[in-house]
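Take a look at the structure set out below.
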Amino acid sequence: MIISGKELANKLKSQMAEFVATLPEKYGRVPHLVVILVGDDPASQTYVKNKGLAAERIGMKSSTIRLAASTTEEELLALIASLNEDDTVDGILVQLPVPKHISEQKVLDAIDKSKDVDGFHPMNMAELWRHKYALVSDNDSYDEMSAFTLPCTPKGCIKMLKAAGVELQGKHAVVLGRSNIVGLPMSKLLLNENATVTICHSGTRNLAAITRSADIIIAAIGKPKFLTSDMVSPGAVVIDVGINRDEEGKLCGDVDFASVEPLCSVISPVPGGVGPMTITCLMENTIEAFLRRMAH
Ligand code: GUN
C-alpha cells in the first residue's frame with residue numbers, strides 16, 4: 001500500500017481549519033506563525049512559501065520575514081528577541097540551515113520555548129527525551145496534547161504510521177540518520193510506541209543486514225535513492241523522509257521507490273508523503289502553542 005501523506009495532511013488540515021474558525025469567538029484572534037528565512041537557498045524558499053500558504057489556508061495568521069544572507073547573528077537574535085516579546089506572535093520558526101556565519105545553536109536557544117513550533121529548543125528536546133511513553137495522540141483532539149512541542153517531521157511520520165494501521169509495539173524499527181531534526185527525535189518517538197529501535201548512520205557496518213532485519217525503516221539520510229531492494233525484506237514498512245534531486249533534477253527521496261515499493265506492505269512516496277505531514281504538524285504545533293499561551 002502506498003500511503004498518501006498528502007491525503008492525510010489534507011484531511012487533518014480541514015479539521016484544523018474548522019477548529020481555527022472557532023478561535024476568534026473564544027480568544028479574540030487566530031494563531032499567528034512567524035517564519036524567518038535568512039538568505040536565498042531555493043529549497044528553503046519553497047519550504048517557507050509552503051508553510052506560509054498552509055497557515056493561511058487553514059485560517060491562521062502568517063508572517064514571513066525574509067532577510068539577506070549578509071544578516072548578522074546579532075541582527076537575527078535581536079529580531080527573535082522582539083518576536084519573543086510580541087504578544088500577538090504564537091509561533092516562531094527560523095528555517096534551517098542558516099548561513100555559516102550565524103550559529104544555529106544560538107538561534108535555536110534564543111527562540112522562546114513556548115513559541116518554538118519546531119521543537120528544536122533545548123528544553124523541548126529534553127522534554128521529549130525524558131518522557132517514556134507515547135506523546136503523539138491517536139486522535140486529533142487538542143484535549144490530550146503534550147505540554148511541550150514535538151518536532152514536526154517525526155511527529156508527522158508517527159501520525160502516518162498510525163493512520164496506515166501499522167502496529168509499532170515490539171517491532172524492529174531501523175532509523176537511517178541521526179540528525180537532531182529527524183533521526184534522533186524519530187527514534188525516541190518510536191521507542192515511546194514500544195518499538196525496538198536501531199539507529200544507523202554513515203559509520204554503520206553491515207547496514208544492509210540491519211535494514212533487512214527491520215519491520216519498519218525510516219530513511220532520513222539525505223542521499224537520493226539510497227535504500228535499494230536488496231536492503232529491504234518482504235512485508236517491510238518504509239517511510240521516506242528524504243527530499244533530494246536525482247540525476248535528471250527530478251524530486252526523489254532516500255528510497256529507490258521503483259525497486260523497493262513492490263516489496264513493502266506500506267510505503268510513503270516522495271513527493272506527497274512525509275513533506276505535507278511535516279507542514280501539517282507545524283500547523284498543529286502552532287495551534288497548540290497558541291492554546292497553551294491562551295491558557296496561561
Ligand atoms: N530545515 C529542514 N527541515 C526543517 C524543519 O523542520 N524546520 C526548520 N526550521 N528548518 C528545517
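First listed ligand is number 1; within each ligand, the first listed atom is number 1. A quick note: this is a predicted structure, and the numbers were derived from the prediction, not measured.
A salt bridge links Glu284 with Lys155; the closest basic N to acidic carboxylate O contact falls under 4.0 Å.
Distances between N or O atoms of Pro97 and those of ligand 1 include no value under 3.5 Å. Considering backbone and side-chain N/O of Gln95, one or more are found under 3.5 Å from N/O of ligand 1. Checking only distances, Phe120 never comes within under 3.5 Å of ligand 1, N or O to N or O. Backbone and side-chain nitrogen or oxygen atoms of Asp118 are examined, and one is located within less than 3.5 angstrom of a nitrogen or oxygen of ligand 1.
Met277 and Val182 fall within a single hydrophobic cluster, where Ile, Leu, Val, Met, Phe, Trp and Tyr are joined by side-chain heavy atoms under 4.5 Å apart, directly or via other members.
Listed by number with element, the atoms of ligand 1 under 4.0 Å from a non-hydrogen atom of Leu93 are 9 (N).
When only non-hydrogen protein atoms are considered, atom 1 (N) of ligand 1 lies nearest to Leu96 O, 3.0 Å.
Not a single donor-acceptor pair under 3.5 Å links the side chain of Ser44 to the backbone N or O of Asp40.
At a heavy-atom cutoff of 4.0 Å, ligand 1 is contacted by the backbone of Val94 but not by its side chain.
Looking at heavy atoms from C-beta onward, Phe257 lies in side-chain contact with Ile267 at the 4.5 angstrom threshold.
Aromatic ring centres of Phe148 and His121: separated by at least 6.0 Å.
The side chain to side chain contact (heavy atoms under 4.5 Å, CB included) test with Asp254 is passed by exactly one of Val238, Asn244, Ile218, Ile243: Asn244.
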